[in-house]
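Before any comments, here is the structure.
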Amino acid sequence: AKAAGGDRYEIYDPNRHDAQALRSTLSSGLRSALQSGDFALRYQPIVRLADGVPIGAEVLLRWTHPEHGPIAPEIFIDLAEELGLIGQLGRWVLTRGCREAAGWYRELGDRAPFISVNLSARQLHDVGLADELLRTLDEVGLPAHQLQLELTESALLGPAQGPADALEALAEHGVRVAVDDFGTGYSNLAYLRRLPVRELKIAGSFIEGLAPGHPSTPADRQIVASVIALAHGLNLTVTAEGVETEEQAHLLRTMGCDHAQGWWFARPGDPEVINRMAGGRGGD
Ligand code: C2E
Ligand code: CA
Ligand code: CA
């Protein structure tokens, strides 16, 4: 069965399929998918925990293979990196997402949700990234502060100066930088001192154990509390990901977590849903 939000995938069993043959099928599919329009974007609201107001939306890429159906992003994004297609694909996501967000901004002004786009490490190392992104923002009419970039710790950790300069340039224009899946990478936090990070996103794997009864509850609560304290101590905001229950949402609110995202609030969906959610909040 397919989930309402369209975010479940047919998982390939490597024992049933010839994994190598599948890889090459997906590879050639990926090459033509950019032309044939088999990619789509879904948007998942990011809400402010204090009042439940949607303040942002994460952009999630979807690929529906003509024969194999929906493919998990973890699979095709890795493959796109290996094949050297991630630059082109990432550009498509950024342009499309920014154009959508520019529409929200035209309609809702400062009440419009910001857009949060995942950037792979490869994209961050692309020398033209900052200039190109600023040009795109200009072309579609999206103010820089309405764009957030999500980067994993491993993408941020490298010693290279190019990515740091690119992030600095983007941040100076107002683009926000968030650390995705904070706490699942390396325990080296030096990049927080060096880079213009604005937000930490706590991975859903830590949120799972928050409610009593879960085997990892004490550890997960401590970890989540520590990340919130660290973020606030550094003047950063925190978003909890993968919030699936009311209890988790309630606990996170009492722990002082700023923002949250997950099936409890909304599954990734069409951009119209974001528009409606954000637009409808004026009257209350
Ligand atoms: P992520 O950035 O950690 O994205 C969050 C994932 O959690 C998404 O999976 C989302 O659908 C899922 N999710 C949201 N709410 C819940 C919940 O309450 N419970 C659970 N169990 N899951 C929830 P998705 O869409 O399959 O994306 C997987 C990963 O693929 C993303 O993880 C991200 O790393 C990558 N990805 C997706 N789109 C892009 C893209 O455009 N560019 C790049 N570079 N990576 C992308
Ligand atoms: Ca993300
Ligand atoms: Ca994440």
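Every number for a ligand or one of its atoms is a count from 1 in the order of the listing. Along the sequence shown, residues are numbered consecutively beginning with 1.
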Answer side chain, backbone, both or neither: which part of [X] comes under 4.0 Å from ligand 1, heavy atoms only.
X    : value
Q261 : neither
V93  : side chain
I77  : side chain
R42  : neither
D180 : side chain
D181 : side chain
R267 : neither

Donor-acceptor pairs under 3.5 angstrom involving side-chain atoms of residues 200-210: please list them, not counting sequence neighbours.
unit_1, atom_1, unit_2, atom_2, d
K201, NZ, E58, OE1, 3.1
K201, NZ, E150, OE1, 3.4
K201, NZ, E150, OE2, 2.6
K201, NZ, Q261, OE1, 2.9

E58: which N/O/S atom is nearest the Ca ion (ligand 2)?
OE2
Heavy-atom contact check, 4.0 Å cutoff: does [X] meet ligand 1?
X    : value
K201 : no
P268 : yes
A72  : no

Atom 30 (O) of ligand 1: which of A260, A178, P73 has the nearest heavy atom?
P73
Could you tell me whether a side-chain N or O of [X] sits under 3.5 Å from a main-chain N or O of [Y], the two making a donor and an acceptor?
X    : Y    : result
Q146 : I115 : no
Q88  : L85  : no
E153 : G185 : yes
Q44  : A266 : yes
T245 : Q248 : yes
N188 : A190 : yes

Result block: side-chain N/O donor-acceptor pairs under 3.5 angstrom for residues 169-181, not counting sequence neighbours:
unit_1, atom_1, unit_2, atom_2, d
H173, ND1, A169, O, 3.0
R176, NE, H145, O, 3.3

Membership question, hydrophobic clusters at under 4.5 Å side-chain separation (ILVMFWY): are [Y] and [X] in the same one?
X    : Y    : result
W92  : L119 : yes
V117 : L34  : yes
I75  : L60  : no

Which ligand 1 atoms are under 4.0 Å away from a heavy-atom of [X]?
X    : answer
G262 : 15 (N), 18 (O)
Q44  : 14 (C), 15 (N)
S120 : 44 (N)
E58  : 2 (O), 4 (O)

W264, any N or O under 3.5 Å of ligand 1 N or O:
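By distance alone, the answer is no.
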Could you give the distance from CD (Q161) to CZ (R194), rounded to the nearest 0.5 Å?
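So the CD of Q161 and the CZ of R194 are separated by 7.0 Å.
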Please list, in chain and residue-number order, the protein N/O/S atoms closer than 3.0 Å to the Ca ion (ligand 3).
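Listed by chain and number, the nearby protein N, O or S atoms are D180 OD1, D181 OD1, E241 OE1, E241 OE2.
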Just wondering, more than 12 heavy atoms not from H250 lying within 6.0 Å of its NE2?
no
The Ca ion (ligand 2) to S116: any N/O/S contact under 3.0 Å?
no
Going by side chain to side chain contact (heavy atoms under 4.5 Å, CB included), name the residues that satisfy it together with E139, two or more places apart in sequence or in a different chain.
R135
Short N-O contact, R48 and D258, less than 4.0 angstrom
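Answer for the salt bridge query: no.
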